[in-house]
Amino acid sequence: MDLKPETLAEIEAAIPKYPEAQSAVMPLLHAIQKDQGAISNEAAEWVAEKLGIAPINVLSVVTFYPFFRQHKIGKRHIRVCRTLSCAMAGGAKVCDKMLQEFETELNAVSADGEVTIEFAECLASCGSAPVMLVDEDLHENLTVEKAKEICDKIKAEAKA
Amino acid sequence: MAVHPKEQRLILKYADEPGYTPHIDSYMEHGGYDMLKKAVTMEPQAIMDEVKKSTLRGRGGAGFPCGLKWSFVDRKSGKPIYLVCNCDESEPGTFKDRQIVHKDPHQLIEGIMISCFANNVAKAFIYIREEMPYGAKILDQAILEAKEKNFVGDNVLGSGYSCDIVVHRGAAAYICGEETGLIESLEGKRANPRIKPPYFPAVLGLYNCPTIVNNVETLCNAVHILDMGAEEFTKIGRPNNAGTRIWCVSGGVQRPGYYEVAGLTLGELVYDICGGPLPGRSIKAIIPGGSSMKILKNGERYKGKNPDGTDYNWGLEDIPLDYDGIAAAGSMSGSGGMMVLDDTVSIPAALANLMAFYSHESCGQCTPCREGSLWLKKITSRMVHGEARPEDVDLMLDVAGQIAGRTICAFGFAVAWPVQSYIAKFEDEFRKYAAHLSDPNADRQAIKELACNG
């Protein structure tokens, strides 16, 4: 396991926060996924060893939670909310525009490796629907035009 | 700062004030942490009594009295008592905790610390959903600031009482909002809810120790109950529905958003505060408390007897906007997430959207829920995509009836209630689909976009 020093520091800081080591599974997986882009079998075994639990107990967590993944995605993670309030406000059109701009399909890595676009379930911002997350940033009150602007910005950042 | 004169802001009093920041200085300039200072000079039992007297009910969904929940905690086991703040806010339609965490995190921390002191808790967790990454960072920063001022950590304000707060991030699973699923998740496992009995959190919760799980908004109320006293608190809103509530309104209204109110009717919120439907449209139905709750149809009458023996006969707009009012209309106020469906919305398509949600979010532990939610997704999906079958309406009711009440947690009801109530109130729409493969007059593209299920 070749983890960045700051990831290792984050991991060492997370474990003592909990009365029982197994509780640190999720914070560790968050740290490793951020560092490596996905959770490999090697990473799951490393976490198991670190916390003194069986590798299957780590894998069962990885496979349960939608945010944890075993395969890498595009450099930017785009999640468009599809649940009712966003759907009523035009979330599907926003998602279609994003897919069209990056010439990709839902849940796939775009050909240039730049993005993965997914539908997300309710992002808890229904009053400003439709919304989407681009990595950690929430974009609200979206329209097809705004979606295009966001795509342009992502493309410009990719070139920079 | 209220955005509408009919609002009565307590929790969000300062949140939208210009210049108000999540920093501890902002909070302290507005009297922040004064109630924690007061709390640590009181007897813990006195705080518990005050919360019980306030009749505060949980703001997360079930509306269980907070003081009663606290009173169930096993204090004789000799094991540590934990408190978990449920900030998993993932019920579709709900976005109130987001406002508190992002704009006034110290109010939540003060509420947690007061509640922890009252219950002799030495370790608290805030379980925040993954999709609020900034919220988690804001809370981490706020806890650091509070530790520097000795409001959190060892020997709080020199009182001899110590308590730490840990922020724990979820990973995009709705079921973590269910309190025993949340506890499993916090233990580092799949978030499969636990069976009750024996796993009542107050007795066998986190690490099989007594545990209190409270919603963000509920915990913030502890600050205000201590500030104004239980008696004053009970004067806000109707009896048994004390305090303000933050309602989140989305969908077909002119001014969607979050509004903190008390003692209003549903009509005052939707028409006066939110401006009613968009021009040229009308309100068809309202989902009152998050997507799991039974739908209310515009035009129907809600009749029954009040506790004092008098009769009530309400239209949709007359329903008192609180726990008991919405319950009397046959639904629940849930988490306060109100979705307004206007006359452009196809009810079968809306249901197809929600069934895609529930089948995705079922934890898979109980067969009726795991299989039933998937069936319901498939049936509603084929219905809106032009492949409905004549038997589909009855099949949906049959499947939903086999889920409700036959699962470990309340998720089963959350799947079944929308199906049962939408069909009960809009049966003609569903029958039209079932009889003709699809609604022959419907805009298929619009329906596909609303169902939004691939």
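Convention: sequence-line order gives letters A, B, ...; per-chain numbering from 1.
Atom-to-atom distance recorded for A/K17:NZ and B/F125:CZ is 10.0 Å, nearest 0.5 angstrom. Here the straight-line distance linking atom CZ of A/F64 with atom CG of B/N192 works out to 5.5 Å at 0.5 Å rounding. B/N353 contributes atom CG, which lies 7.5 Å from atom CD of A/E121 (distance to the nearest 0.5 angstrom). From A/S23, atom OG reaches atom CD of B/E187 across 6.0 Å, with rounding to the nearest 0.5 Å. Note: A/L84 CG to B/L341 CG = 5.5 Å, rounded to the nearest 0.5 Å.
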Intermediate values then yes/no, side chain to side chain contact (heavy atoms under 4.5 Å, CB included), B/S185 and A/Y65: CA-CA 10 Å; B/S185 180; A/Y65 295 90; 2.9 Å; yes
Full working for side chain to side chain contact (heavy atoms under 4.5 Å, CB included) between A/K93 and B/E449: CA-CA 7 Å; A/K93 283 199 174 80; B/E449 286 172 8; 3.0 Å; yes
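With a 4.5 Å cut-off on non-hydrogen atoms, A/L138 touches chain B through its side chain but not through its backbone. Looking at A/M88, the atoms closer than 4.5 Å to chain B (heavy atoms on both sides) sit in the backbone and in the side chain alike. Interface remark: B/E131 contributes backbone and side-chain atoms alike to the contact with chain A (heavy atom separation under 4.5 Å). With a 4.5 angstrom heavy-atom cutoff, B/I175 touches chain A only via side-chain atoms. With a 4.5 angstrom heavy-atom cutoff, B/V249 touches chain A only via backbone atoms. Looking at A/L133, only its side chain comes within 4.5 Å of chain B, counting heavy atoms on both sides. For A/T63, the parts sitting under 4.5 Å from any heavy atom of chain B are the backbone and the side chain alike. Contacts of B/F357 with chain A are made by both backbone and side-chain atoms, with heavy-atom separations under 4.5 Å. At a 4.5 Å heavy-atom cutoff, B/K96 makes no contact with chain A through either its backbone or its side chain. With a 4.5 angstrom heavy-atom cutoff, B/V340 touches chain A only via backbone atoms. B/C176 touches chain A through its side chain: at least one heavy atom from C-beta onward sits under 4.5 Å away, while N, CA, C and O do not. Heavy-atom distances place no part of A/D135 under 4.5 Å from chain B, backbone and side chain included. For B/S291, no part lies under 4.5 angstrom from a heavy atom of chain A. Using a 4.5 Å cut-off between heavy atoms, B/A191 contacts chain A through both its backbone and its side chain. Contact of B/E361 with chain A is made through the side chain alone, with heavy-atom distances under 4.5 Å. In this structure, the portion of B/R129 lying under 4.5 Å from any heavy atom of chain A is its side chain and not its backbone.
Note: A/C122 leads A/A92, A/C122, A/A21 in heavy-atom pairs under 4.5 Å with chain B. Options A/V25, A/V61, A/V58, A/T83 differ in how many heavy-atom pairs under 4.5 Å they form with chain B, and the most are formed by A/T83. For the options B/A172, B/A446, B/P256, heavy-atom pairs under 4.5 Å to chain A are most numerous at B/A172. Among B/Q99, B/K123, B/R255, B/E91, the residue making the largest number of heavy-atom pairs under 4.5 Å with chain A is B/K123. Top candidate by heavy-atom pairs under 4.5 Å with chain B, chosen from A/L123, A/L28, A/L51, is A/L123.
Residues A/F119 and B/N453 are not in side-chain contact: their nearest non-hydrogen atoms beyond the backbone lie 4.5 Å or more apart. Taking the side chain as every heavy atom from C-beta outward, A/P19 and B/Y82 approach each other to under 4.5 Å. Contact annotation: the side chain of A/S125 approaches that of B/R98 to within less than 4.5 Å [non-hydrogen atoms, C-beta and beyond].
No more than 12 heavy atoms of other residues, nucleotides or ligands shown are found within 6.0 angstrom of CD on A/E105.
The heavy-atom pair separating B/A356 from A/R82 by the smallest distance is CB-NH2, 3.3 Å.
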Sequence neighbours left out, cut at 3.5 Å: what donor-acceptor pairs do the side chains of residues 30-37 of chain A make with other protein atoms?
from	atom 1	to	atom 2	distance (Å)
A/H30	NE2	B/G170	O	2.8
A/Q33	OE1	A/R69	N	2.9
A/Q33	NE2	A/F67	O	2.9
A/D35	OD2	A/K4	N	2.9
A/D35	OD2	A/T7	OG1	2.5

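Taking the six-membered ring where tryptophan is involved, the planes of A/Y18 and B/H168 are perpendicular, since the angle between them exceeds 60° and thus also 30°.
Comment: A/R79 engages B/E130 in a salt bridge, judged by a side-chain N to carboxylate O separation of less than 4.0 angstrom.
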